[in-house]
Every structure is written in structure tokens, then in C-alpha cells.
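Here is the structure we will look at.
For clarity, every value in this text was computed on a predicted model and none was experimentally measured. Just follow the structure's listing: the first ligand is 1, and inside any ligand the first atom is 1. In this chain, residues are counted from 1 in sequence order.
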Amino acid sequence: MAGGRNYARVVGVILTLTVVAGQNIPEVGLFSFGDSYYEVGNKRFLTTAFLPQTTWPFGKSTDDPNGRFSDGRIVPDFIAQFMKIPIPVPAALDPNGNFSRGANFAVADASVLGSPPESMTLAQQLNRFRRMGNWNDDFLSKSLFIFYIGADDYLNFTKNNPAADASAQQAFVTSVISKLRQDLGLFYVNGARKFAFQLLAPLGCFPIVRQDYNTGDQCYEKLNDLAKQHNDKIGPMLDALAKENKGFQYTVFNFYDAMSRRINRNLNFRFSNVINSCCGIGTHNAFGCGKPNVHSSLCDYQRSFLFFDGRHNSEKANEAIAHLFFSADPNVVSPMNLRELIVYPANMNMLESYQPKNSVSVVAVGEESVSEF
Ligand SMILES: *[C@@H]1O[C@H](CO)[C@@H](O)[C@H](O)[C@H]1NC(C)=O
Ligand SMILES: *[C@@H]1O[C@H](CO)[C@@H](O)[C@H](O)[C@H]1NC(C)=O
């Protein structure tokens with residue numbers, strides 16, 4: 001009887017979640033895909049050019065510039081730590097990497113639709129993953145696959161098409177989403193089962209965007225709008241994939257709103273500066289951090305900045321963001337957080353689906369009061 005079986009499954013899931021809540025996280029892997037926001041050093045193996053992110057002041061907080069675009073650790077590093085993975089999950093292209101607990105395929109300039117030659121599109125990252133083949137199906141089905149991709153598609157589109165109207169924008173979002181959906185179908189075919197998406201940031205609020213488009217204290221709404229349109233389609237797209245593919249599990253972390261809340265009410269989140277970068281030059285101190293021949297300035301205390309360089313978060317922000325992704329409530333990460341996704345029985349269809357929320361706009365301070373929890 002279908003009703004009875006569903007009931008048994010619900011009880012099974014609740015039991016599993018309850019039992020594991022107080023226990024160790026199972027020994028599974030972490031596979032990260034995306035752009036510079038998730039990169040842990042793959043670019044070093046794709047180019048001989050000088051890379052600012054491999055020199056000071058990147059890595060300043062850990063005294064270790066190593067290809068990450070931050071003053072220290074980034075979101076996948078914290079997630080691996082929360083999963084109790086005993087070693088840092090290495091860059092997939094690192095010939096000396098220990099891939100026993102997963103690999104990181106993200107690389108700067110990656111996009112969904114087309115990347116410069118010294119990068120990898122999401123589809124090319126998938127090909128790398130497939131060719132490595134270090135992991136068996138059981139391990140893969142229990143491992144987390146986290147994604148942050150698309151920002152470069154929209155930043156590039158907006159730069160190349162400054163006059164794009166609403167219908168051109170919609171058409172572009174549709175093309176990104178449909179390629180993404182096709183790529184994710186291939187991830188499934190190659191063994192991935194647990195998909196976790198970090199939605200795009202309010203791209204128009206990046207210090208480098210405010211600086212390049214001269215918007216002062218305002219965000220560049222055209223880019224925020226593209227990010228919102230894209231983000232609105234991610235949950236339904238994953239939901240459709242879950243309905244088509246047995247055992248496809250997913251969750252969506254509303255990073256857009258998490259950032260908007262910090263930008264709107266910065267002091268509640270202990271950031272004294274959410275508009276400028278800690279490191280760089282220009283009106284928003286947003287360009288050229290770490291570049292030779294750029295006399296970039298560096299803030300005194302990077303932990304009070306939301307952004308370390310023109311478009312990447314400080315380690316302090318990354319830690320808070322990773323905590324939300326890993327353990328926040330469904331109003332922040334839906335239908336479940338990473339902790340729950342990890343222990344959700346592998347190869348089982350999910351019982352719940354993504355619930356969209358009205359998104360938080362970036363507004364003047366004091367006009368808005370949504371609490372995180
Ligand atoms: C790789 O890392 C694992 C921990 O995940 C460790 O047990 C193993 O010894 C490491 N292998 C090598 C060759 O260092
Ligand atoms: C950016 O746009 C150019 C021109 O349309 C294209 O050749 C390039 O591949 C794009 N880059 C990314 C990262 O999408």
C-alpha cells in the first residue's frame with residue numbers, strides 16, 4: 001500500500017535525521033564546482049601567467065596565499081571542516097592532491113556558457129571529474145556536490161551588452177539555465193546524487209561593480225535583477241531533475257538574501273564596511289588587489305569587511321555563510337541544510353521540495369527587518 005510505504009519512509013527519514021543529529025557526520029566526500037568564489041588553486045595548473053591570488057595580501061589571515069580569492073579560508077574549506085574531513089580537499093588539478101575525501105574543480109573565470117581558454121566551464125569541470133574516476137559509485141552517491149556558478153556569465157553578458165532590454169536578459173537567463181540543467185543531468189549520470197546550490201550573490205552590489213558602473217552607494221540593479229531571475233529558476237530546475245531521476249537529491253542556499261541582509265543591516269552582522277573592498281584601489285577600493293604595478297591599499301582589519309577584494313568575501317564572511325549553508329533553517333536553505341542532506345538516505349527520492357521565498361532587496365538602512373532565523 002502506497003500510503004503505508006510513504007509513512008514508513010517518513011519515519012525512516014525522521015529516525016535517520018534524529019539519530020545522526022547528535023552523532024558524527026558519515027565519512028563521505030566533498031566535490032566542489034564553480035568559479036573563483038570556490039576556487040582553491042586550480043588556476044595555477046592552467047596558466048603560467050602571474051596570479052595575484054597566489055601572493056600577499058591574499059591569504060593574509062592564514063599567512064598563506066595559495067590561490068584562494070580571500071584573506072583566508074573560503075566556503076568549501078569551512079564545509080569540509082564541518083564535515084570533519086581531516087585533510088583540506090585539494091584542487092583537482094593538483095598532481096600531488098590526496099583525493100580520498102573528494103576534490104575541488106572550481107576555477108576563476110569559469111562560467112556555464114563559455115570560458116576563456118585558461119579556465120574550465122562547468123561542463124569541462126565535469127569532464128575532469130569523470131576522467132579522474134578515483135571514487136566508487138557508493139562513495140559518490142553519499143558525497144556532497146556543491147556548486148557556485150553563473151556569476152561570470154552575467155557579469156560578462158552585462159559588460160558585452162550594456163543596452164540589453166528585458167527580453168534579451170530573459171533569453172540569456174533561459175539559455176544559462178537550460179545549459180546548467182543539461183550539465184547537471186550528466187553529473188547524475190556520472191554518479192552524483194546529492195546536489196547543493198549556493199544561489200548567486202546580488203552581483204550588482206559587488207564593490208567592483210559599483211566602482212566600474214559608477215553607482216556610488218547604490219547597487220547596479222541590472223545585475224541584481226539578472227541574478228534574481230537566475231536564482232528564481234534554480235530551485236524549480238532542481239526539483240524537475242529530482243522528479244525525473246531516481247534518487248536525485250538537492251538543496252538550495254539563498255546566498256542572495258544572506259548577502260542582502262548583511263548589506264542592509266551591516267552592524268547587526270558586525271561588518272563596519274559592506275560597500276568597499278578591503279584590498280584594492282579606486283572609488284570602492286575594488287580593483288587590482290595583489291596585482292603588480294597597482295599600489296592597492298589594504299584595510300587595517302579585514303574581519304570588519306564583507307568583501308576582501310572587488311567581488312570575493314572576507315574569511316569572516318565566508319565562515320558565517322558556510323555555517324548558514326551547513327545548518328540554517330529552511331527559510332535560508334531549502335528544503336534542507338547540508339547537514340541534513342548528508343545524512344539523507346542515499347539513492348532515495350526526497351519527500352520535500354524547494355519552497356521559494358520572497359527575496360530580500362538591498363534597501364537603505366532601517367527600512368527592512370527580516371531576521372535570519
Ligand atoms: C589521504 O588522506 C587520508 C585522510 O582522508 C589519509 O588517511 C591518507 O593517509 C592520506 N593518503 C596519503 C597518501 O597521504
Ligand atoms: C565573455 O564574452 C565573450 C564575448 O561574447 C566570450 O567570447 C567569452 O567566452 C565570454 N566569457 C565568459 C566567461 O563567459
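Side chains of Ser100 and Asn98: a donor on one and an acceptor on the other come within 3.5 Å. Side-chain atoms of Lys60 and Gln302 include a donor-acceptor pair closer than 3.5 Å.
Protein residues are said to neighbour a ligand when one of their heavy atoms lies under 4.0 Å from it; for ligand 1 these are Pro86, Ile87, Asn98, Ser100, Arg101.
Between Ile208 and Tyr213 there is no side-chain heavy-atom pair separated by less than 4.5 Å.
Between Phe78 and Phe325, the gap from one ring centroid to the other reaches at least 6.0 Å.
A 6.0 Å sphere centred on CG of Asp63 holds no more than 12 heavy atoms belonging to other residues, nucleotides or ligands. Around the NZ atom of Lys316, the shell of radius 6.0 Å holds more than 12 heavy atoms that belong to other residues, nucleotides or ligands.
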